[in-house]
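For the numbers below, each heavy atom of this structure counts, side chains included, while hydrogens, waters and symmetry mates do not. Residue indices begin at 1 and follow the sequence shown.
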Amino acid sequence: MKKLINEPRAVVDEMLEGMVAAHSGLRRLEGTEVVVRADAPVEGKVGIVTGGGSGHEPTHAGYIGDGMLDGAAAGEVFTSPTADQLSEMIQACDGGEGVFCVVKNYEGDVMNFETAIEMAEMEADTDVEYVVVDDDVAVEDSLYTSGRRGVAGTIFVHKVAGAMAHRGADLAEIERVAEKATDRVGTMGMALTSCVTPEKGEPTFDLGEDEIELGIGIHGEPGTERTETMSADEIAQRLTEAVLEDLDLESGAEVATIVNGMGGTPLMELYVVNRRLQELLEDRGLETWNTRVGDYMTSLDMMGCSITVLELDDELKELLAAPAETPGLTVTEG
């Protein structure tokens, strides 16, 4: 295993130190693996927070900043943060208007967030609401979930919730738009290779040179179907058709899309996938209002991609277009 690390057990701690050193708008809560806005809590605004296992960068702390998140808790690689740390994060981001949590649908994340919310409500009298994102159309249940997994569609939920909070919306309004985005988004991913976790030092599953895995998650778990290697166009078609079948969109609908790299895929190849994705959407009579191509929610060094489609309305378009400035995503006015 060749990786730019020191001690495997120190990876998350050292990553967070380096992230905070690189971005002046971030600070770390002392003695924790929690990163928050440097000016947190922001008075008079609902705090927007999230968290989950490390290894998905720029998710989670990469989306902290104006117009998106106020805080993010980092667990060990592919492991949920503890309830104690999540509770500290929630309390640190409460500017008096409450806190809204965006939770990916993995059993550890959901359980620890629910416990953390109870702790924050009891210890600090913080008003907290949350949404559970379950956009992965590949599986109904998995090794890590009851129900569908939360994957790259979560980025859209971060964005709309963050934009609403920036406007001064209350918890109920933020919950409404977060639920709307969650209900309208679908994702499916695939892998050309497994990922290698720092502590294990070897692939999390075996995949032959002439094989690919469809329906993978973001924790190195194998997918739902193993097939022979396909062309980029064939892969894009399989992923896109699965997502569109789930969303059941009418011709003329407007969508936003993400072609997301899993951490080890050249941008060149992601653009090739996006080329076919946009052709397929046009063939279905769908109009792409906005598309993003790059690494947004990764699985360490896995080679592969996921395709996310979000059905839009005027409100979601306005929220997605609202300015945001974070290490992992910047949206400028105009």
Side-chain angles (χ1 to χ4, degrees), residues 1-5 11 15 52-60 62-63 77-78 104 135-138 149-156 185-198 200 202-243 256-281 288 290-309 327-329:
M1 176 184 68
K2 294 181 181 179
K3 287 186 176 291
L4 288 171
I5 64 174
V11 167
M15 171 191 72
S54 297
H56 308 303
E57 291 70 34
T59 298
H60 302 80
Y63 300 118
V77 173
F78 297 166
K104 299 189 306 303
D135 56 306
D136 186 359
V137 307
R149 300 174 292 207
V151 286
T154 310
I155 309 308
F156 283 136
V185 69
T187 300
M188 185 163 172
M190 59 78 57
L192 300 172
T193 67
S194 175
C195 61
V196 177
T197 59
K200 189 174 181 182
E202 60 186 37
T204 57
F205 60 90
D206 296 322
L207 198 57
E209 285 294 320
D210 60 347
E211 294 178 320
I212 63 171
E213 195 89 18
L214 299 174
I216 52 98
I218 57 171
H219 295 96
E221 67 267 44
T224 57
E225 180 185 354
R226 184 165 297 190
T227 74
E228 293 182 353
T229 303
M230 302 178 190
S231 69
D233 281 0
E234 291 171 323
I235 290 169
Q237 185 156 342
R238 288 289 298 272
L239 300 182
T240 304
E241 287 180 348
V243 172
T257 63
I258 299 173
V259 176
N260 173 60
M262 302 307 293
T265 313
L267 193 56
M268 172 192 288
E269 297 174 21
L270 298 179
Y271 279 122
V272 172
V273 171
N274 185 58
R275 164 192 160 274
R276 183 59 180 149
L277 165 62
Q278 301 307 324
E279 290 174 348
L280 292 165
L281 294 174
T288 301
N290 179 261
T291 189
R292 294 191 174 274
V293 180
D295 285 347
Y296 293 96
M297 183 175 288
T298 62
S299 185
L300 291 170
D301 56 350
M302 178 183 284
M303 295 181 64
C305 70
S306 64
I307 286 175
T308 299
V309 179
L329 179 67

Subject >> side-chain hydrogen bond (donor to acceptor under 3.5 Å, both in side chains) evaluation trace for Gln237 with Asp233 >> reply: CA-CA 6 Å; Gln237 185 156 342; Asp233 281 0; over 6 Å; no
Donor-acceptor contact present, side-chain [X] to main-chain [Y], <3.5 Å:
X      : Y      : value
Tyr63  : Tyr296 : yes
Thr229 : Asp210 : yes
Glu213 : Ala191 : no
Thr154 : Val151 : yes
Asn260 : Thr308 : no
Glu57  : Gly55  : yes

**OP:** For residues 264-273, pull every pair meeting side-chain hydrogen bond (donor to acceptor under 3.5 Å, both in side chains), keeping only residues two or more places apart or in separate chains.
**Re:**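 Matches after skipping sequence neighbours: none remain.
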Original post:
Can Lys104 and Met297 be said to form a side-chain contact (heavy atoms from CB on, under 4.5 Å), step by step?
Top reply: CA-CA 12 Å; Lys104 299 189 306 303; Met297 183 175 288; 3.8 Å; yes
Note, [X] side chain near [Y] side chain (heavy atom, < 4.5 Å):
X      : Y      : value
Arg292 : Leu329 : yes
Leu214 : Met230 : yes
Leu300 : Val196 : no

**OP:** Return the orientation label for the His219 and Phe78 ring planes: parallel under 30°, perpendicular over 60°, tilted otherwise.
**Re:** perpendicular
**OP:** Give the C-alpha distance, both sets of side-chain angles, the deciding distance and a yes or no for side-chain contact (heavy atoms from CB on, under 4.5 Å) between Ser306 and Thr187.
**Re:** CA-CA 7 Å; Ser306 64; Thr187 300; 3.9 Å; yes
